[in-house]
Amino acid sequence: MSYQTLLTSLENNIYTITINRPEKLNALNKTVIEELSEAIDEVYNNPEIKSAIITGAGEKSFVAGADISEFLQLDATSGEALARKGNIKVFDKIENSSKPIVAAVNGFALGGGCELALACHFIIASENAKFGQPEVNLGLIPGYGGTQRLTQLVGKNRAMQLIMTGEIFSAVDAIQFGMVNKVVAQNELLNEVKKILNVIHTKAPLAISKVIEAINNFDHTQQGYDFEIQKFGECFSTEDAKEGAAAFIEKRKANFKGK
Ligand code: COA
């Protein structure tokens with residue numbers, strides 16, 4: 001499928017989605033949101049795709065936020081509708097994907113860009129990456145899940161400070177805050193993410209999807225543990241769990257089929 005604002009490629013079962021508006025630092029306008037939604041549907045529906053990477057075109061920016069030029073006409077009702085639509089069509093859909101979706105953050109990840117990275121299952125960043133939720137500079141707050149997902153990752157007090165100051169922070173800070181898993185040179189970024197995804201591709205796909213579901217259900221209460229127990233049980237109804245145990249006993253490599 002060809003898009004106006006995205007570049008996509010499928011190689012070794014990894015679907016790379018590149019947001020391609022470098023002249024606007026890959027800001028998320030309505031077309032990008034619509035097309036991202038379609039590209040994520042492709043991740044959900046195409047059996048050739050085992051995992052996906054989201055990144056930005058150019059060397060300067062992952063995504064510098066929602067497109068501010070579209071904010072001028074908004075009122076309370078249309079502002080809420082914009083955020084709700086984006087969350088349903090893109091951010092929540094990424095988070096709830098049964099296949100891993102990783103953010104390769106290659107520059108500015110601000111506002112909606114930071115939230116897009118946070119919606120992914122994990123984040124690998126290049127050395128020049130810069131993160132931040134600067135919405136307060138515009139008289140706004142994050143609307144694509146930033147107050148929720150950032151808080152889960154960095155804790156309440158740090159999220160309060162980062163979102164209230166709108167401070168822009170480095171990839172190294174983001175590692176320390178627990179947001180980013182690894183920082184690499186920019187020219188190594190996609191290879192690094194692909195290396196990790198290739199490891200994940202050797203595991204049982206249904207188990208991977210249950211890992212995502214269970215971790216997304218993280219909860220300090222008994223509900224989180226109960227959910228994990230239920231998902232653990234469900235694994236035993238898969239052919240892959242039988243294959244995994246048999247392969248171990250027979251001292252051979254497992255051949256998982258995603259069934
Ligand atoms: N929405 C719309 N356009 C944006 C944008 C955004 N979020 N971020 C950058 N752009 C556009 C700029 O308007 C500029 O377009 P122009 O050349 O037609 O004037 C182009 O991208 C390049 O940006 P510029 O500001 O010239 O680059 P810079 O290197 O001087 O600054 C940033 C980079 C990221 C610090 C700066 O662009 C910025 O602060 N962007 C907004 C970040 C933000 O507040 N995001 C949250 C939105 S809720």
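Whatever order the structure lists ligands and atoms in, that order sets their numbers, starting from 1. It should be emphasised that the depicted structure is a prediction, and the values quoted were computed from it without experimental measurement.
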Item checked: Heavy-atom donor-acceptor pair, Asn87 side chain to Gly143 backbone, under 3.5 Å -> yes
Check: Out of Cys114, Gly111, Gly146, Ala66, whose heavy atom is nearest to atom 6 (C) of ligand 1?
Finding: Ala66
Margin query: Under 4.0 Å from atom 39 (O) of ligand 1, can you find at least one protein heavy atom?
Written below: no
Margin query: Need the ligand 1 atom indices (1-based, order shown) with element for anything under 4.0 Å from a heavy-atom of Leu138.
Written below: 47 (C), 48 (S)
Next item on the list: Calculate, to the nearest 0.5 Å, the distance between atoms CD and CG belonging to Glu115 and Leu28 respectively.
Entry: 9.0 Å
Next item on the list: Would you indicate whether Glu70, at its atom CD, is surrounded by more than 12 heavy atoms from other residues, nucleotides or ligands within a distance under 6.0 Å?
Entry: yes
Check: Does the pair Glu192/Lys195 count as a salt bridge with the N-to-O cut at 4.0 Å?
Finding: yes
Check: In this structure, are over 12 heavy atoms from other groups packed under 6.0 Å from Glu48 atom CD?
Finding: no
Checklist line | atom 5 (C) of ligand 1 [closest protein heavy-atom partner, distance rounded to 0.1 Å] | finding: Ala27 CB, 4.1 Å
Next item on the list: Decide whether the shortest distance between a heavy atom of Leu25 and an atom of ligand 1 is less than 4.0 Å.
Entry: yes
Checklist line | Option passing side chain to side chain contact (heavy atoms under 4.5 Å, CB included) with Ile53 (candidates Thr16, Leu189, Ile124) | finding: Thr16
Next item on the list: Measure from the ring center of Phe169 to the ring center of Phe177 and say whether it is less than 6.0 Å.
Entry: yes
Margin query: Quick check on Gln133 - does any of its heavy atoms sit under 4.0 Å from an atom of ligand 1?
Written below: no
Checklist line | Working for side-chain contact (heavy atoms from CB on, under 4.5 Å), residues Thr8 and Tyr15 | finding: CA-CA 7 Å; Thr8 57; Tyr15 193 53; 3.4 Å; yes
Next item on the list: Determine, counting only non-hydrogen atoms of the protein, whether one lies under 4.0 angstrom from atom 30 (O) of ligand 1.
Entry: no
Notebook entry, point to check: If we only count N/O pairs under 3.5 Å, is Ser69 in contact with ligand 1?
Noted result: no
Notebook entry, point to check: If we only count N/O pairs under 3.5 Å, is Lys24 in contact with ligand 1?
Noted result: yes
Notebook entry, point to check: Under 4.0 Å from any heavy atom of Lys60, which atoms of ligand 1 are there?
Noted result: 27 (O), 28 (P), 29 (O)
Check: Is there a protein heavy atom less than 4.0 Å away from atom 19 (O) of ligand 1?
Finding: no
Margin query: Between ligand 1 and Glu23, can you find any atom pair, the residue atom being a heavy atom, that is separated by under 4.0 Å?
Written below: yes
Next item on the list: Write out the residue and atom name of the closest protein heavy atom to atom 1 (N) of ligand 1, then the distance separating them to 0.1 Å.
Entry: Ile68 N, 2.9 Å
Check: Could you walk me through whether Lys93 and Ile88 pass the side-chain contact (heavy atoms from CB on, under 4.5 Å) check?
Finding: CA-CA 6 Å; Lys93 214 194 284 183; Ile88 293 168; over 6 Å; no
Checklist line | Nearest-option assignment for atom 43 (C) of ligand 1, heavy atoms, candidates Pro22, Ala64, Gly132, Ser61 | finding: Ala64
Note to self: Looking at atom 12 (C) of ligand 1, tell me if a protein heavy atom falls under 4.0 Å from it.
What the structure shows: no
Checklist line | Under-4.0 Å protein heavy-atom contact, atom 26 (O) of ligand 1 | finding: no
Next item on the list: Classify the side-chain pair Thr221/Asp219 by whether it contains a donor and acceptor separated by less than 3.5 Å.
Entry: yes
Check: What atoms of ligand 1 come within less than 4.0 Å of a heavy atom belonging to Leu110?
Finding: 34 (C), 42 (C)
Notebook entry, point to check: Of all the atoms in ligand 1, which lie at a distance below 4.0 Å from a heavy atom belonging to Asp67?
Noted result: 1 (N), 2 (C)
Note to self: With a cutoff of 4.0 Å, is Pro134 in contact with ligand 1, counting heavy atoms of the residue only?
What the structure shows: yes
Item checked: Passing option when Glu243 is tested against Arg252, Lys257, Lys259, Lys203 for salt bridge (Lys or Arg N to Asp or Glu O under 4.0 Å) -> Arg252
Checklist line | Residues Asp92 and Lys85 bridged, charged N to O under 4.0 Å | finding: no
